[in-house]
Amino acid sequence: MPRGKTIDTHAHILSEETMRLIGREAPSIAPKLTPIDTGFAVLEVGGVPYRPFPRGGWDLDTRLADMDAAGIDVQVLSNTPQTFLYDVDPSLNTTLAALQNDQIARTVVTYPDRFMGLATLPMQAPEAAAEELYRAMHGLGLAGAQIGSNVRGRNLDDPALEPLWETADALAAVVMIHPTQVAGQDRLRSYYLNNLIGNPLDSTIAAASLVFGGVVSRYPAIRFLLVHGGGFVPYQFGRWIHGWRVRPEPQVNLKESPEAALKSLWFDSILHAREPLEYLVASAGASRVVLGSDYPYDMGTLDCVRQVRALSISEADKDQILSRGPLALIGGGITQGAA
């Protein structure tokens, strides 16, 4: 039986044309690249630097060559977290999100065999976010959206976000949760802990808010994808279930055990070690784990396909994670065939 195409569900892009368009609409935010060497640059957005930003983040030829070398047939493109821009004027971010989505869709149309796409949304304006999600899926052919793990410190069970969840549920959208503006930064300043611990921590807070806030249960058609292996969720889900049984606080908005909601979540494969990835597959099930690279960032990995193929799981489960699962999550648009 030929293998299906390998589909990387977690990959970021910020093209030079997108940077130019953002700069035209919002000069004070204008993304800027300052070369470090031929392979890396400093990326500034609104004057805030991120380094190193690898060339594949903006250069498609580099990206395609990296994909080929890694054995990745298809990437699901999403914007860079640096361009969520939840702290700018809502109407401005509505414009900036739309132009980013137009550019991602244009890349997908140009390379339909190599890319699919997710939208970014102006989350500080939930009604506008819902409208942009609808436009992105119906008008641009994107599969859903990538959103931050919080909106300027507000958790994702905030009642103001209900219009977005209603639309996402009606569209059966993929909603990929990516950490941003992580909690506890005052204690995570050393050793890059803001990423090493802060990112999985904020993903965990986001997931808990969605589960215990009843969002996952009320909107079962939304396909929530947690990146970086789901943060600490797979390791602590038993504690959540136990806590709901013995404490009144977790039952305020969730009148049934969180077990069913937890079993509906999706997780990417980015854990960087064999043992935790095998645990994730065993606990969540291969049908809920999908390939991810976090391209092009240094906290991602282009060894993701090889890491999955090296697991002590069945070949069918490997194919599920690499191909069939991502295709089921993201939905149509990719013709299966030999890799």
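- A donor-acceptor pair is defined here as one N or O able to donate and one able to accept, closer than 3.5 Å; such a pair exists between the side chain of Asp268 and the backbone of Gly229.
- When all heavy atoms are compared, the tightest approach of Gly144 to Ala173 is CA-CB, 4.2 Å.
- Looking at every heavy atom in both residues, Pro326 comes nearest to Thr9 through CB-CG2, 3.7 Å.
- Taking the six-membered ring where tryptophan is involved, the planes of His178 and His228 are perpendicular, since the angle between them exceeds 60° and thus also 30°.
- Placement of Leu96 and Leu121 in two distinct hydrophobic clusters is found when ILVMFWY residues are connected by side-chain heavy-atom separations under 4.5 Å, directly or transitively.
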> Do Val45 and Ile29 pass the side chain to side chain contact (heavy atoms under 4.5 Å, CB included) test, and can you show the C-alpha distance, the side-chain angles, and the key distance before you say yes or no?
Replying inline: CA-CA 6 Å; Val45 179; Ile29 295 170; 3.9 Å; yes
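- The shortest side-chain heavy-atom distance between Thr38 and Arg55 does not fall under the 4.5 Å cut-off.
- At a cut-off of 3.5 Å, with distance as the only test, no side-chain donor of Asp8 or Tyr295 sits close to an acceptor on the other residue.
- Note on Phe232 and Phe237: separate hydrophobic clusters, where clusters join Ile, Leu, Val, Met, Phe, Trp and Tyr whose side-chain heavy atoms are under 4.5 Å apart, directly or indirectly.
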> Would Arg20 and Thr18 count as a side chain to side chain contact (heavy atoms under 4.5 Å, CB included) if you check the C-alpha gap in whole Å, the side-chain angles of each, and the deciding distance to 0.1 Å?
Replying inline: CA-CA 5 Å; Arg20 186 187 69 79; Thr18 303; over 6 Å; no
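- In this structure, Ala286 and Ile321 approach most closely via the heavy-atom pair O-CG1, 4.0 Å.
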> Taking it one step at a time, do Lys255 and Ser217 satisfy side chain to side chain contact (heavy atoms under 4.5 Å, CB included)?
Replying inline: CA-CA 10 Å; Lys255 304 307 180 185; Ser217 299; over 6 Å; no
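- Aromatic rings of Trp240 and Phe212 (six-membered ring for Trp) have centroids within the 6.0 Å cut-off, being under it.
- Under the 3.5 Å distance criterion, the side-chain polar atoms of Arg288 are matched with a main-chain donor or acceptor of Ser264.
- The main-chain N or O of Gly213 is found under 3.5 Å from a side-chain atom of Arg218 such that the two form a donor-acceptor pair.
- Under the 4.5 Å side-chain criterion, counting only non-hydrogen atoms from C-beta, Leu291 is not in contact with Ile7.
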> Thr180 and Met123: side chain to side chain contact (heavy atoms under 4.5 Å, CB included), yes or no, with the steps?
Replying inline: CA-CA 12 Å; Thr180 186; Met123 292 292 288; over 6 Å; no
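- When atom types are taken as modelled, the side chain of Ser283 and the backbone of Tyr279 share a donor-acceptor pair closer than 3.5 angstrom.
- Side chain of Ser323 to backbone of Gln320: no donor-acceptor contact under 3.5 angstrom is found.
- Remark: Glu16 engages no residue in a salt bridge (Lys or Arg N to Asp or Glu O under 4.0 Å) (not counting sequence neighbours).
- Each of Val215, Leu164, Ile222 was evaluated against Asp169; a single residue qualifies, Ile222, per the side chain to side chain contact (heavy atoms under 4.5 Å, CB included) test.
- Counting only distance, with no hydrogens or angles, the side chain of Thr120 and the backbone of Ile147 share no donor-acceptor pair below 3.5 Å.
- Counting heavy atoms from C-beta outward, Phe115 and Leu60 have side chains that approach closer than 4.5 Å.
- In this pair, Tyr134 and His138 present their aromatic rings parallel. The plane angle is below 30°, not in the 30 to 60° band.
- Between the side chains of Thr83 and Gln100, at least one donor N or O sits under 3.5 Å from an acceptor N or O.
- For the pair Cys304/Ile72, a side-chain contact is recorded, criterion being any heavy-atom separation below 4.5 Å from C-beta on.
- Side-chain atoms of Ile13 and Gln103, non-hydrogen and from C-beta on, never get closer than 4.5 Å to each other.
- Under a 3.5 Å cut-off, the side chain of Trp266 and the backbone N or O of Val174 do not form any donor-acceptor pair.
- Remark: the backbone N or O of His10 is not paired with any side-chain donor or acceptor of Gln146 at under 3.5 angstrom.
- Here the closest heavy-atom approach between residue Val175 and residue Ala168 is recorded as CG2-CB, 4.4 Å.
- Neither Leu201 nor Met176 shares a network with the other; the hydrophobic side chains, linked directly or stepwise wherever heavy atoms of I, L, V, M, F, W or Y lie under 4.5 Å apart, form separate groups for each.
- Linking ILVMFWY side-chain heavy atoms closer than 4.5 Å, directly or via other members, places Val88 and Leu43 in a single hydrophobic cluster.
- In this structure, Glu127 places its CD atom where only 12 or fewer heavy-atom neighbours from other residues, nucleotides or ligands lie under 6.0 Å away.
- Formation of a donor-acceptor pair under 3.5 Å by the Asn93 side chain with backbone atoms of Phe84 is found in this model.
- Nearest heavy-atom pair, Gln75 versus Ala11, reported as atom, atom and distance to 0.1 Å: CD-CB, 3.5 Å.
- Taking the six-membered ring for Trp and the full ring otherwise, Tyr219 and Phe224 have centroids separated by 6.0 Å or more.
- Taking hydrophobic clusters as Ile, Leu, Val, Met, Phe, Trp and Tyr residues chained together by side-chain heavy-atom distances below 4.5 Å, Trp58 does not share a cluster with Leu118.
- Using modelled atom types, no side-chain atom of Tyr111 and backbone atom of Leu64 make a donor-acceptor pair closer than 3.5 Å.
- A salt bridge links Asp102 and Arg135; the closest N-O separation between the charged side-chain nitrogens and carboxylate oxygens is under 4.0 Å.
- The OG1 atom of Thr204 sits 11.5 Å away from atom CD1 of Ile197, with the distance rounded to the nearest 0.5 Å.
- Sorted by first and then second residue, the side-chain hydrogen bond (donor to acceptor under 3.5 Å, both in side chains) pairs involving residues 27-37 (not counting sequence neighbours) form an empty list.
- Within a 6.0 Å sphere centred on OH of Tyr50, other residues, nucleotides and ligands contribute more than 12 heavy atoms.
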